[in-house]
Amino acid sequence: MRLPLRTARPTTRIPALGALFALLAGLLTVLGTAGTAHAAPLFKAPFPCGQKWTYSHHSAEVRQALDFVRSDGGATAGAPVLASASGTAYRYSQPSGAGNYIVVDHGGGWKTYYFHLNAYSVANGAAVSQGQQIGTTGSTGNSSGAHIHYEQLYNGVGQSIVINGASLAPYPGSYGSKHLTSDNGCSGGGGGKYWVDTFANATGYAGANTNDAQGVLNAGTNYVYCKVWGQEVRDASGNFNHWWLRTDLDTVYSGKNGYGAYVPAYYLSRWGNDEARDNNGTVIPNC
């Protein structure tokens, strides 16, 4: 008995396989698109350009948080806290726990948390850019000393901290063994701001001379915009500087304008005479 030729079934299966492949390709496209939409921002350190901080993790912290304290000789308390990426900032307070804290919503399910702030630097609901100051480091809430408690969450779940695309895991259990130097807000980013450390309170003036005092720039980490050559400032030890830095003052005298004032680069003593560099060693550009 001869079996009939089976020519019909292959021709009917080919369209079915084609449809299946098309469906799978469509699903992969959708999944790939969804993954791209929720990719993490390129997070940067939550403290200013050029500063070095050490970090540790408490095993009781279930959201993979890290605590940062400064390790380059500068003060931790009062140091600026910067947004790791652009987004919308929301202010909260939990006196028994996180203290004063800010959550920055970056979109796509990603958020960063900044706990124990001494003070807020932005309004609730404000749009912030990467490198923008959102608060100052403190020890509010359940805290034994000034530090930045920092978290990265995706859809409400704590993630291993990643800075500039590199994971900081495995976490150390104590300070001093691992350090991170920030490039957040360095030259070319952060809205044209250059972060510098001033060793004392500096009077700010309307121009690059001491003719018209406008207010005071507090000692610590501050941002400046640019530099101009002006009146020499010199001390009894022979230290001097002709450069003046344009910045915004912390205290403004009555009837004066604290924005775009000038302070002597003399207060950046770490770089020497007639030098004007930011904390990363980058020469501050001319105005």
Side-chain angles (χ1 to χ4, degrees), residues 45-54 68-82 118-119 121 131 133 135-139 145-148 179-187 190 193-210 212-253 256 258-287:
F47 44 87
C49 173
Q51 291 186 1
K52 183 172 71 173
W53 294 52
T54 182
F68 289 90
V69 298
R70 199 165 176 183
S71 58
D72 59 5
T76 298
V81 177
L82 309 186
N118 179 61
S121 299
Q133 181 173 331
T136 56
T137 306
S139 187
H147 68 285
I148 302 174
H179 303 261
L180 177 67
T181 299
S182 174
D183 68 345
N184 198 359
C186 289
S187 53
K193 295 178 180 178
Y194 297 78
W195 293 93
V196 299
D197 286 341
T198 53
F199 66 82
N201 291 349
T203 301
Y205 297 86
N209 55 62
T210 56
D212 187 4
Q214 302 291 302
V216 175
L217 183 71
N218 294 339
T221 304
N222 297 285
Y223 63 80
V224 299
Y225 298 108
C226 54
K227 72 180 190 300
V228 297
W229 191 260
Q231 178 182 334
E232 179 189 271
V233 175
R234 180 184 291 267
D235 64 23
S237 299
N239 302 304
F240 65 90
N241 210 308
H242 287 86
W243 290 112
W244 290 69
L245 308 173
R246 188 179 182 190
T247 187
D248 303 322
L249 304 179
D250 296 301
T251 301
V252 181
Y253 296 151
K256 301 296 183 178
Y259 294 99
Y262 293 87
V263 298
Y266 162 84
Y267 290 93
L268 313 182
S269 60
R270 65 187 290 184
W271 298 117
N273 298 329
D274 281 345
E275 290 277 0
R277 299 173 182 268
D278 68 10
N279 287 345
N280 203 40
T282 301
V283 176
I284 297 167
N286 294 340
C287 296

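What you see is a predicted model; the values in this text were computed from it and never measured. Hydrogens, waters and symmetry mates play no part in the numbers below; they use all other heavy atoms, side chains included.
A heavy-atom distance below 4.5 Å is found between the side chains of R70 and D72. Side-chain contact between Y267 and V233: absent, with no pair of heavy atoms (C-beta onward) separated by less than 4.5 Å. A 4.5 Å side-chain heavy-atom check between Y194 and N279 finds every atom pair outside the cut-off. At least one side-chain heavy atom of W53 sits less than 4.5 Å from a side-chain heavy atom of T76. By the 4.5 Å heavy-atom criterion applied to side chains, V263 and L245 are counted as neighbours. The shortest side-chain heavy-atom distance between W243 and N286 falls under the 4.5 Å cut-off. For the pair V69 and T54, the minimum side-chain heavy-atom distance is below 4.5 Å. Here the side chains of W271 and V196 are not in contact, with every heavy-atom distance at 4.5 Å or above.
Y259 OH to L249 CG: the interatomic distance, rounded to the nearest 0.5 Å, is 10.0 Å. A distance of 14.0 Å separates CG in N280 from CH2 in W195, rounded to the nearest 0.5 Å. Put simply, CD on E275 and CG on L268 are 10.0 Å apart, with the number rounded to the nearest 0.5 Å. The distance from the OG1 atom of T247 to the NZ atom of K193 is 9.0 Å, given to the nearest 0.5 Å. Once rounded to the nearest 0.5 Å, the distance linking NZ of K227 with CZ of R277 reads 9.5 Å. Note: F47 CZ to L180 CG = 4.0 Å, rounded to the nearest 0.5 Å.
Distance alone, capped at 3.5 Å, is enough to place a donor-acceptor pair between the T198 side chain and the G220 backbone. In this structure a side-chain-to-backbone donor-acceptor pair under 3.5 Å is present from N201 to A219. In this structure a side-chain-to-backbone donor-acceptor pair under 3.5 Å is present from Q231 to T210. No donor-acceptor pair closer than 3.5 Å links the side chain of N241 to the backbone N or O of R234. For N118 (side chain) and G78 (main-chain N/O), no donor-acceptor pair under 3.5 Å exists by modelled atom type. T136 contributes a side-chain N or O that, together with a main-chain N or O of A119, makes up a donor-acceptor pair within less than 3.5 Å. Counting only distance, with no hydrogens or angles, the side chain of N184 and the backbone of G131 share a donor-acceptor pair below 3.5 Å.
Of all heavy-atom pairs between Q133 and P80, the closest is OE1-CB, 3.4 Å. Here the closest non-hydrogen pair linking T221 and Q51 is OG1-NE2, 2.6 Å. Across all their heavy atoms, P46 and I148 have their closest contact at O-CD1, 3.8 Å. Of all the heavy atoms in N218 and T251, the pair that sits closest is OD1-OG1, 4.5 Å. Contact record, P48 with S182: O-CB, 3.2 Å, taken as the closest heavy-atom pair.
Screening W229, Y225, Y205, Y266 against W244 for a ring pair (Phe, Tyr, Trp, His ring centres under 6.0 Å) leaves a single residue, Y205.
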CA sep, side-chain torsions, deciding dist, call: Y223, D248, side-chain hydrogen bond (donor to acceptor under 3.5 Å, both in side chains): CA-CA 8 Å; Y223 63 80; D248 303 322; 2.8 Å; yes
Stepwise side chain to side chain contact (heavy atoms under 4.5 Å, CB included) test for D212 and Q214: CA-CA 6 Å; D212 187 4; Q214 302 291 302; 3.2 Å; yes
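Remark: F199 CZ is packed, more than 12 non-hydrogen atoms of other residues, nucleotides or ligands lying under 6.0 Å away.
Taking K52 as the reference, nothing meets the side chain to side chain donor-acceptor pair (under 3.5 Å) condition, with sequence neighbours excluded.
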